[in-house]
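Below you'll find the structure, written out as structure tokens, and then a few comments.
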Amino acid sequence: MTAVFRVGLVRLVGRGSTAPAPATLLQAQTTGLPAAFMQKCNISGKTMRGGPRCPKVPPYPYKTKKYNVFSAIFDKTTKRFDENTKVICVEGPIAAGKTKFAMELAAELDMQYYPAVDMDLIYINPYGYDMRKLDPELPPSCRSYDIKNFCADPKHPSAAAFQIRMYMLRFSQYIDALQHILSTGQGVVTERSPFSDFVFMEAMFRQGYISRGARSVYNDVRQNTIGELLRPHLVIYLDVPVDVVQKQIKARNLEHEVKSKVFTNAYLTDLEVIYKQQYLKDISGHAELLIYDWSAGGETEVVVEDIERINFEQYESDPHNKKMIDWRFPLETEWCEARIKYCNEKSDLMNYFNVPRFDVPELLRSAEDGKVWRDVWYNAPGMKYRPGYNADVGDTGLLTKLKIGINEPF
């Protein structure tokens with residue numbers, strides 16, 4: 001009922017309000033019409049713009065200030081959009097050079113960079129305490145399991161839960177990216193995305209690292225959640241052959257990767273095949289797709305030039321074209337509704353992961369183990385209360401604090 005009321009009120013106060021006219025950047029400069037937004041017009045780098053991005057309207061402080069139905073009355077969404085208000089996802093195999101490239105691309109396009117997620121987001125609490133130190137006090141089913149554990153023992157019973165958590169972290173980060181782009185108008189560059197996460201689950205299944213039941217639970221969770229997100233405008237895939245990937249893994253010399261039992265020719269081949277035959281084929285139906293041979297690296301400037309040549313406006317002329325359909329909202333009120341959804345209802349979206357499946361033993365823990373975990377976990381330094389309210393780690397002024405951060409966990 002709350003959602004129905006919110007949607008109805010937003011549309012009522014925004015009646016008659018439409019999204020900005022479909023003008024190109026050149027038309028905006030010469031006629032004074034609003035510049036095209038999202039999939040309209042071409043992305044431009046610093047060289048083409050002649051300098052850094054100049055926001056038309058100051059960014060909304062979404063990290064400290066709620067955006068709700070009443071905010072939407074006075075603060076519209078599309079007024080901050082420009083030709084670079086887009087989501088770009090950088091994909092590729094392990095050790096392909098995605099991090100360096102994505103950072104350079106974000107800097108050149110003046111976009112916000114979101115790095116690859118890892119389990120430290122779960123195991124390092126807001127005070128910097130490593131929760132993995134608690135493992136000796138926990139039963140085996142509740143102990144930590146991260147990428148280092150996976151590389152050492154990929155057939156461990158916790159491998160399936162590990163990949164589901166990785167998907168959850170990517171999903172959460174992508175919501176953060178949507179919050180940013182809708183509240184500031186600044187585009188985002190992400191390293192991997194929740195849309196490609198299934199590639200790893202499928203490869204793990206093919207190699208016998210997880211059971212058929214665990215794969216079924218993952219697919220149920222994904223089906224229940226992935227449709228809530230807006231797909232990216234552009235996906236860039238850095239293609240590196242399996243033999244080169246193995247050489248680069250050795251070259252970067254991370255101990256858990258070099259000694260890993262995981263990164264075999266068969267596993268890496270499965271990743272490559274699933275990426276190309278399933279993910280890239282599917283995402284190209286919505287987003288623009290650029291693929292580069294990155295065996296010896298490449299030049300970010302060349303990629304930027306290719307991006308600048310993409311005409312995102314072409315998809316507006318055909319209403320039946322499925323490309324960029326997630327980003328076609330004809331009414332300003334619909335943009336505001338989407339912004340409220342991602343900025344103010346993240347906890348509701350994360351609740352979609354609660355799929356009732358109790359038929360896969362490796363994804364379950366006993367009540368006794370769960371009780372031990374809760375007692376130990378929530379008595380660790382900085383874990384008894386909300387961040388900012390834990391005197392045991394030095395928080396002060398507890399009696400005078402009146403509010404918490406907007407996206408701060410409960």
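Using a 30° and 60° split on the angle between ring planes, Tyr267 and Phe263 fall in the tilted class, from 30° to 60°.
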CA sep, side-chain torsions, deciding dist, call: Ser284, Tyr279, side chain to side chain contact (heavy atoms under 4.5 Å, CB included): CA-CA 8 Å; Ser284 65; Tyr279 171 68; over 6 Å; no
Tell me, with the steps shown, if Ser216 and Asn219 meet side chain to side chain donor-acceptor pair (under 3.5 Å). CA-CA 5 Å; Ser216 174; Asn219 288 335; over 6 Å; no
Take Gln179 and Asp176, measure what side chain to side chain contact (heavy atoms under 4.5 Å, CB included) needs, and give me the verdict at the end. CA-CA 5 Å; Gln179 290 177 3; Asp176 294 342; 3.9 Å; yes
In sequence, state the C-alpha distance, the side-chain angles, and the governing distance for Glu332 and Thr78, and then conclude on side chain to side chain contact (heavy atoms under 4.5 Å, CB included). CA-CA 7 Å; Glu332 179 66 41; Thr78 57; 2.4 Å; yes
Take Asp130 and Arg132, measure what salt bridge (charged side-chain N to carboxylate O under 4.0 Å, His left out) needs, and give me the verdict at the end. CA-CA 5 Å; Asp130 193 338; Arg132 286 169 286 212; 2.9 Å; yes
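Ion pairing between a basic and an acidic side chain is recognised when a charged N comes within 4.0 Å of a carboxylate O; Glu228 and Lys341 show such pairing. Taking 4.0 Å as the cut-off between side-chain N and carboxylate O, Asp75 and Arg80 count as a salt-bridged pair.
Annotation: salt bridge (Lys or Arg N to Asp or Glu O under 4.0 Å) contacts of Arg143 (sequence neighbours excluded): none. Under the side chain to side chain donor-acceptor pair (under 3.5 Å) criterion, Thr269 pairs with no residue, sequence neighbours left out. Annotation: side-chain contact (heavy atoms from CB on, under 4.5 Å) contacts of Asp110 (sequence neighbours excluded): Arg49, Pro52, Arg53, Gln186. Under the side chain to side chain donor-acceptor pair (under 3.5 Å) criterion, Arg215 pairs with Glu202, not counting sequence neighbours. Legend: residues meeting side chain to side chain donor-acceptor pair (under 3.5 Å) with Glu272, ordered by chain and number and at least two apart, are Lys276. Asp306 meets the salt bridge (Lys or Arg N to Asp or Glu O under 4.0 Å) test with Arg309; sequence neighbours excluded. For Thr300, the side-chain contact (heavy atoms from CB on, under 4.5 Å) test picks out Phe101, Glu104, Leu105, Val304, with sequence neighbours left out. Listed by chain and number, the residues in a ring-ring contact (aromatic ring centres under 6.0 Å, His included) with Tyr60 are Tyr67 (sequence neighbours excluded). In this structure Arg165 satisfies the salt bridge (Lys or Arg N to Asp or Glu O under 4.0 Å) test with no other residue, sequence neighbours excluded. When the ring-ring contact (aromatic ring centres under 6.0 Å, His included) test is applied to Tyr237, the partners found at least two apart in sequence or on another chain are Tyr275. Remark: Lys250 engages no residue in a side-chain contact (heavy atoms from CB on, under 4.5 Å) (not counting sequence neighbours).
The CD atom of Glu334 sits 4.5 Å away from the CG atom of Leu331 when rounded to the nearest 0.5 Å. Interatomic distance, Ser183 OG to Lys63 NZ, rounded to the nearest 0.5 Å: 10.5 Å.
Between Ser44 and Asn84 the shortest side-chain heavy-atom distance falls below 4.5 Å.
The 12-atom threshold is not exceeded at CE of Met103, counting heavy atoms of other residues, nucleotides or ligands nearer than 6.0 Å. Taking a 6.0 Å sphere around CD of Glu299, one finds it holds 12 or fewer heavy atoms contributed by other residues, nucleotides or ligands. The neighbour count for Lys281 NZ, taken as heavy atoms of other residues, nucleotides or ligands under 6.0 Å away, does not exceed 12.
Taking the ring axis of Tyr378 as reference, the NZ or CZ atom of Lys384 does not stay both within 45° of it and closer than 6.0 Å to the ring centre.
Between Phe81 and the choices Trp327, Trp335, Phe329, the ring pair (Phe, Tyr, Trp, His ring centres under 6.0 Å) rule is met once, by Trp335. No option in Phe198, Phe200, Phe353 other than Phe353 meets the ring pair (Phe, Tyr, Trp, His ring centres under 6.0 Å) test with Tyr167.
Counted by atom type alone, Ser172 and Lys346 present one or more donor-acceptor pairs between their side chains at under 3.5 Å. Neither side chain, Ser158 nor Glu362, offers a donor N or O lying under 3.5 Å from an acceptor on the other. Judged by distance alone, the side chains of Glu191 and Tyr113 do bring a donor and an acceptor atom under 3.5 Å apart. When only modelled atom types and interatomic distance are considered, Tyr218 and Asp197 share a side-chain donor-acceptor pair under 3.5 Å.
Put simply, the side chain of Gln314 gets close to the backbone of Asn311: a donor and an acceptor are under 3.5 Å apart. Checking side-chain atoms of Arg222 against main-chain N and O of Phe195 turns up a donor-acceptor pair under 3.5 Å. Judged by distance alone, with hydrogens and angles left aside, the side-chain atoms of Asp239 form no donor-acceptor pair with the main-chain N or O of Asp293 at under 3.5 Å. Using a distance-only test at 3.5 Å, with no hydrogens or angles considered, a donor-acceptor pair links the side chain of Gln173 to the main chain of Pro115. Checking side-chain atoms of Asp369 against main-chain N and O of Pro139 turns up no donor-acceptor pair under 3.5 Å. A donor-acceptor pair is defined here as one N or O able to donate and one able to accept, closer than 3.5 Å; no such pair exists between the side chain of Asn390 and the backbone of Val393. The backbone N or O of His180 sits less than 3.5 Å from a side-chain atom of Thr184, completing a donor-acceptor pair.
Evaluation of the salt bridge (charged side-chain N to carboxylate O under 4.0 Å, His left out) test over residues 351-361, restricted to residues two or more places apart or in two chains, returns Asp220-Arg357, Arg357-Asp359.
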